[in-house]
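A short write-up of the structure that comes next.
In this chain, numbering begins with 1 at the start of the sequence shown. Remember, it's 1-based here, ligands and their atoms both numbered in the order they're listed.
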Amino acid sequence: MTYSYTQISHYLTCPRRYRHRYLDGWQEKDTRAAMLFGRAFERALAAYFLREDAAAALFREWAACRNLGLRYTNGDTWDRMLQQGVQLLDRFCQDDRVRIRQPRRNLQIKFTRAVSEKNDFVAYVDAIGRLDGARCLLEWKTTSSRYSEEPDGLLSLDPQLVCYSWITGIAEVAQVVFVRKRLVEVQYLRTTITDEQRREFGQLVEDTIRRIESAQFLPHSGIRFPQNPCSSCPYIGLCLGRQDLVEAALVRRPGAEDLGWLDELTY
Ligand code: SF4
């Protein structure tokens with residue numbers, strides 16, 4: 001079995017959610033505009049580092065999504081997102097703080113690590129390069145609101161960065177956050193992941209896989225007004241037995257269990 005960060009994270013969020021997704025094959029419909037825009041934008045960034053026309057790449061990739069019945073949030077529209085994307089590419093280019101040598105090798109890099117005799121863990125790291133001259137692992141994020149930078153050191157607790165540091169052995173990590181808002185902004189956030197954090201993450205992976213393999217899938221999302229995670233969970237229709245909500249949010253792809261690691265390319 002091949003595990004990924006997304007799988008482990010699904011299980012830790014709510015084991016029942018993991019069962020819906022990876023054992024029963026229910027998948028969220030790929031019509032979320034923000035997610036598809038993020039993918040298109042990452043391809044535009046790749047074009048930028050390959051010295052191709054990044055704005056043209058963004059238009060091409062985003063145009064391919066236009067007629068997919070996209071679900072927009074926060075008053076977004078296809079045109080507005082395109083315009084923000086082009087502005088973000090301009091800003092990133094002007095800042096000129098990130099360098100990637102040999103972009104064909106150092107973008108979307110696959111790392112695999114054995115976690116037991118029969119299990120592997122796979123991760124796709126967005127890039128390894130330099131931020132302000134210092135070598136680090138880089139993750140791209142597109143969002144409609146700024147990432148919090150307070151309190152100091154907050155980023156070092158980001159579980160995805162800890163995971164990528166664990167699988168690559170690289171301590172210096174950074175997120176480049178492309179914020180789509182009225183005045184676009186690019187945040188360059190960097191931190192160091194410690195040996196202790198990497199060791200603990202390895203233990204967390206082993207422990208989570210043990211629980212998955214012993215079929216522990218009890219729901220424990222936690223009901224805590226006003227932040228009930230079930231209210232934003234795409235699988236709520238399954239848990240409530242509401243066919244209308246299931247049809248609105250999910251598609252079923254039985255047999256998806258073995259291909260769960262492909263989620264790494266999606267999120
Ligand atoms: S709706 Fe709640 S209980 Fe059901 S899978 Fe989602 S988080 Fe878990």
Side-chain angles (χ1 to χ4, degrees), residues 1-39 68-74 76 115 119 121-124 139 141-145 147-148 154-155 157-164 166 175 200-201 203-267:
M1 183 77 182
T2 300
Y3 289 91
S4 68
Y5 171 74
T6 314
Q7 273 167 280
I8 299 296
S9 149
H10 258 70
Y11 188 87
L12 294 174
T13 305
C14 174
R16 181 59 49 89
R17 186 175 168 145
Y18 180 95
R19 195 183 81 184
H20 289 322
R21 168 67 185 85
Y22 294 104
L23 295 165
D24 299 340
W26 290 101
Q27 221 172 316
E28 199 169 354
K29 284 183 180 167
D30 266 1
T31 51
R32 288 163 289 166
M35 188 196 75
L36 291 172
F37 179 82
R39 269 194 228 166
L68 296 180
L70 297 178
R71 285 183 286 146
Y72 295 98
T73 49
N74 301 323
D76 278 334
V115 281
N119 294 318
F121 193 99
V122 71
Y124 285 83
E139 274 296 295
K141 297 287 176 195
T142 50
T143 168
S144 56
S145 51
Y147 277 23
S148 175
L154 178 66
L155 188 67
L157 301 180
D158 183 284
Q160 193 177 23
L161 286 177
V162 175
C163 168
Y164 291 169
W166 164 75
Q175 274 177 349
E200 284 180 349
F201 189 83
Q203 288 173 349
L204 181 66
V205 169
E206 283 173 27
D207 180 59
T208 307
I209 291 175
R210 248 194 312 276
R211 286 194 276 152
I212 291 171
E213 290 183 341
S214 54
Q216 295 179 33
F217 298 116
L218 292 172
H220 63 66
S221 68
I223 303 287
R224 191 164 63 89
F225 183 83
Q227 290 166 314
N228 176 355
C230 295
S231 60
S232 58
C233 176
Y235 301 98
I236 191 163
L238 292 170
C239 289
L240 293 178
R242 288 271 308 269
Q243 190 59 22
D244 54 331
L245 297 179
V246 171
E247 283 169 14
L250 302 173
V251 285
R252 190 162 191 203
R253 293 183 183 139
E257 185 182 359
D258 293 342
L259 299 175
W261 58 272
L262 283 171
D263 283 349
E264 284 298 283
L265 297 170
T266 306
Y267 287 84

What's the shortest distance from atom 2 (Fe) of ligand 1 to any protein heavy atom, and which residue and atom give it? Cys230 SG, 2.4 Å

Counting from 1, what ligand 1 atoms have a heavy atom of Arg17 closer than 4.0 Å? 5 (S)

Is there a side-chain contact between Leu238 and Asp24 (heavy atoms, below 4.5 Å)? no

Looking at atom 8 (Fe) of ligand 1, is one of the N, O or S atoms of Cys14 less than 2.8 Å from it? yes

Looking only at heavy atoms, the pair that brings Asn74 and Ser144 closest together is ND2-OG, 3.3 Å

Start with the C-alpha gap between Gln7 and Tyr11, add the side-chain angles, then the distance that decides, and say whether side chain to side chain donor-acceptor pair (under 3.5 Å) holds. CA-CA 6 Å; Gln7 273 167 280; Tyr11 188 87; over 6 Å; no

Is ligand 1 under 4.0 Å from a heavy atom in the side chain of Cys239, in the backbone, in both, or in neither? side chain

Heavy atom of the protein closest to atom 6 (Fe) of ligand 1 (residue, atom name, distance): Cys233 SG, 2.4 Å

Can you tell me the protein heavy atom closest to atom 7 (S) of ligand 1 and the distance? Ser221 CB, 3.4 Å

Ignoring hydrogens, just give me the one of Gly237, Pro219, Ser232 whose non-hydrogen atom is nearest atom 3 (S) of ligand 1. Pro219

Mind checking whether atom 6 (Fe) of ligand 1 has an N, O or S of His20 under 2.8 Å? no

Looking at Lys141 and Asp158, is any side-chain nitrogen of the basic one under 4.0 Å from a carboxylate oxygen of the acidic one? no

Is there a side-chain contact between Arg16 and Cys239 in this structure, where contact means two heavy atoms from C-beta onward sitting under 4.5 Å apart? yes

Among Leu68, Leu250, Val251, find the one that has a side chain to side chain contact (heavy atoms under 4.5 Å, CB included) with Lys29. Val251

